[in-house]
Amino acid sequence: MDFTSAADRGAPARCPMHGADFATAPHDVYDTLRAQGPAGPVELAPGVEATLVVGHEAALRVLQNDTLFARDSRHWSALREGRIAPDSPVLPMMMFRPNCLFTDGAEHLRLRKAVTDSLDAIDIRQLARDVRNMADFLIDRFSERGRADLLNEYGKVLPLLVFNKLFGCSADIGDRLTRSMAAIFEGRDALRADRELTECLMELVALKRRDPGEDLTTRLVQHPAGLSDTELKDQLVMLMGAGVEPERNLIGNTVLLMLSPEGSGLLIEEAMEHVLWDNPPIANYATHFPRQDIDLAGVRLPAGSPVVISFAGANTDPALTQARRSRSQGAHLSWGAGPHKCPATSPAQVIALTAVEKLFNELDDLALDVPVEDLEWRQGPFHRALASLPVRFAPSAATRVATVTGYHPLPPTAPAPSPRTAAAQPAAPARKKGFWGSFLDVFRL
């Protein structure tokens, strides 16, 4: 029995969780680790060692036992002792924030109840209508071309619009929120983007305290838990961060499967269930920290060491052969398990299902524009995410929004004013509206 810790064995000098090979074929790595036991050593980033749990039963033991395992990364001994570089790229995904994802015990229950009560009040039918409207808005932007990148022009943008609507954002706040969240995900000046994200969410909280609405932010503001402004901001960051990236990947991975030979003939719900089993949008996450030295099926986990759950690895555990054959929805771990299980599975599925259904209903002869093997997957230890999803289809008129709203937008470029008019009425350059501001204009919201 190998009763040594990840630190004792040492993550490989060239950890297999990095690079194009892992991005393209991650299950090869999970299979290699599983051959040695239910968990094995990895390096999440230079100098950041962890144990990756790839066994289903072992994963459940960690996820369901908050007495032995904490989510609060202030238990992380290497971080406390200054052994983690302050600019480590994995810190934004692992460092403590006062939200219901990174807290335990009574504090977690207080914050989670505020979030779950607010999510439970979402009108699912209205949510589906909103997603269809947003899908029309986005599809109109590329339908006449006959080609598109469905990930970057659709799957990435649509969840951002959904959260702007759920949060009750004004045009200005929503445009800034969309811009800053996209920059954080893409690694573009992430520190400045994080500051802008914080600023616009604090403005949103102040706005909803002054002028309540029928939205998720207002429900959090008015919840009996009495969240402070900072706590409100952190719950909103958590909701958007935990929703946008997974939705983007779930939409993209589902469309890819349906356009691939192995997914031909699958219903959308069936294809999405296959993705949740085989290529979950967040493949490795839910970092826990043992409160004491623990033996996990023969693998020693030192107190305060990061233990990462491989949802993708656990879902492909051979012990689940029968559950996988029946595609039992209760067995896969893509939504997590235990006290930190995703509280928004129903809205998340409605968003993704509606988004994918709209694409196949609106775009005739939808097909991949490159061979499956030429598609690029984004590198990184946490996600299972395409870099792009180029497709082709029969071009169609951009009239979907007009059909819904009767609104006919101006041409992309208006005629230039005459010199006399320009001289008589000089105007300051207008700030270009983003996706959310444009969407609000179109739908008169």
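One is the number of the first residue; the rest follow in order along the sequence.
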What's the shortest heavy-atom distance between [X] and [Y], and which atoms?
X: Ile251; Y: Pro159; result: CD1-CG, 4.5 Å
X: Ile282; Y: Phe311; result: O-CD1, 3.3 Å
X: Leu111; Y: Asn99; result: CD1-C, 3.8 Å
X: Ala114; Y: Ala225; result: CB-CB, 4.2 Å
X: Pro38; Y: Ala58; result: CB-CB, 3.9 Å
X: Ala314; Y: Leu320; result: O-CD1, 3.4 Å

Got a salt bridge between [X] and [Y], using NZ or NE/NH1/NH2 to carboxylate O under 4.0 Å?
X: Arg176; Y: Glu203; answer: yes
X: Asp130; Y: Lys165; answer: yes
X: Asp117; Y: Arg219; answer: no
X: Arg125; Y: Asp123; answer: no
X: Arg141; Y: Glu153; answer: no

Side chains of [X] and [Y]: donor-acceptor distance under 3.5 Å anywhere?
X: Tyr30; Y: Asn315; result: no
X: Ser388; Y: Asp149; result: no
X: His332; Y: Glu273; result: yes
X: Arg34; Y: Thr316; result: yes
X: Glu357; Y: Asn361; result: no

>> Which label fits His340 and His108: parallel for a plane angle under 30°, tilted from 30 to 60°, or perpendicular past 60°?
In response: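 Ring orientation, 0 to 90° scale: tilted.
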Query raised in the report: Which one of Thr218, Thr217, Asp229 satisfies the side chain to side chain donor-acceptor pair (under 3.5 Å) criterion with Arg209?
Result: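 Option passing the side chain to side chain donor-acceptor pair (under 3.5 Å) with Arg209: Asp229.
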**OP:** Tell me, please, which residues at least two apart from His75 pass ring-ring contact (aromatic ring centres under 6.0 Å, His included).
**Re:**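 Expected list: none.
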### Message
My understanding is that only residues two or more places apart in sequence, or in another chain, count here; which of them pass ring-ring contact (aromatic ring centres under 6.0 Å, His included) with Tyr285?
### Response
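Per chain and number, Tyr285 pairs via ring-ring contact (aromatic ring centres under 6.0 Å, His included) with Phe382.
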Using a 6.0 Å cut-off, check whether atom [atom1] of [X] has over 12 heavy atoms from anything other than its own residue.
X: Glu376; atom1: CD; answer: no
X: Glu81; atom1: CD; answer: yes
X: Glu57; atom1: CD; answer: no

In Å and rounded to the nearest 0.5 Å, what is the [atom1] to [atom2] distance from [X] to [Y]?
X: Leu201; Y: Thr230; atom1: CG; atom2: OG1; result: 11.5 Å
X: His288; Y: Trp76; atom1: NE2; atom2: CH2; result: 15.0 Å
X: Glu362; Y: Asp140; atom1: CD; atom2: CG; result: 8.5 Å
X: Leu63; Y: Phe69; atom1: CG; atom2: CZ; result: 9.5 Å
X: Asn284; Y: Leu44; atom1: CG; atom2: CG; result: 8.5 Å
X: Arg384; Y: Asn279; atom1: CZ; atom2: CG; result: 4.5 Å

Sidechain-backbone polar pair: [X] side chain, [Y] backbone, donor-acceptor under 3.5 Å:
X: Glu199; Y: Glu196; value: no
X: Ser180; Y: Leu177; value: yes
X: Asn152; Y: Ala387; value: yes

Testing [options] one by one against [X] for a side chain to side chain contact (heavy atoms under 4.5 Å, CB included), which residue passes?
X: Arg291; options: Thr67, Asn65, Leu68, Asp104; answer: Asp104
X: Asn253; options: Asp278, Leu386, Leu151; answer: Leu386
X: Val244; options: Leu160, Thr178, Val162; answer: Leu160

Original post:
Excluding sequence neighbours, so at least two apart, what forms side-chain hydrogen bond (donor to acceptor under 3.5 Å, both in side chains) with Arg61?
Top reply: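 So Arg61 forms no side-chain hydrogen bond (donor to acceptor under 3.5 Å, both in side chains) with any residue.
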_Contacts of type side-chain hydrogen bond (donor to acceptor under 3.5 Å, both in side chains), residue Lys208, not counting sequence neighbours_ =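 Lys208: side-chain hydrogen bond (donor to acceptor under 3.5 Å, both in side chains) contacts with Asp215.
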- Step by step, would you call Ser143 with Arg400 a side chain to side chain donor-acceptor pair (under 3.5 Å)? CA-CA 10 Å; Ser143 63; Arg400 295 163 188 82; 3.0 Å; yes
Glu247 and Lys156: CA distance, side-chain angles, deciding distance, salt bridge (charged side-chain N to carboxylate O under 4.0 Å, His left out) verdict: CA-CA 8 Å; Glu247 285 287 357; Lys156 182 171 74 172; over 6 Å; no
Only pairs under 3.5 Å count here: list side-chain donor-acceptor contacts from residues 86-98, not counting sequence neighbours, and write none if there are none.
| from | atom 1 | to | atom 2 | distance (Å) |
| --- | --- | --- | --- | --- |
| Arg97 | NH1 | Pro92 | O | 2.8 |

Discussion item. Going by ring pair (Phe, Tyr, Trp, His ring centres under 6.0 Å), name the pairs with one or both residues in residues 217-239, residues two or more places apart or in two chains.
Written reply: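 Qualifying pairs, neighbours excluded: none.
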Exercise. Please test Asp72 against Thr103 for side chain to side chain contact (heavy atoms under 4.5 Å, CB included), starting from the C-alpha separation and ending with a verdict.
Key: CA-CA 5 Å; Asp72 186 340; Thr103 50; 5.7 Å; no
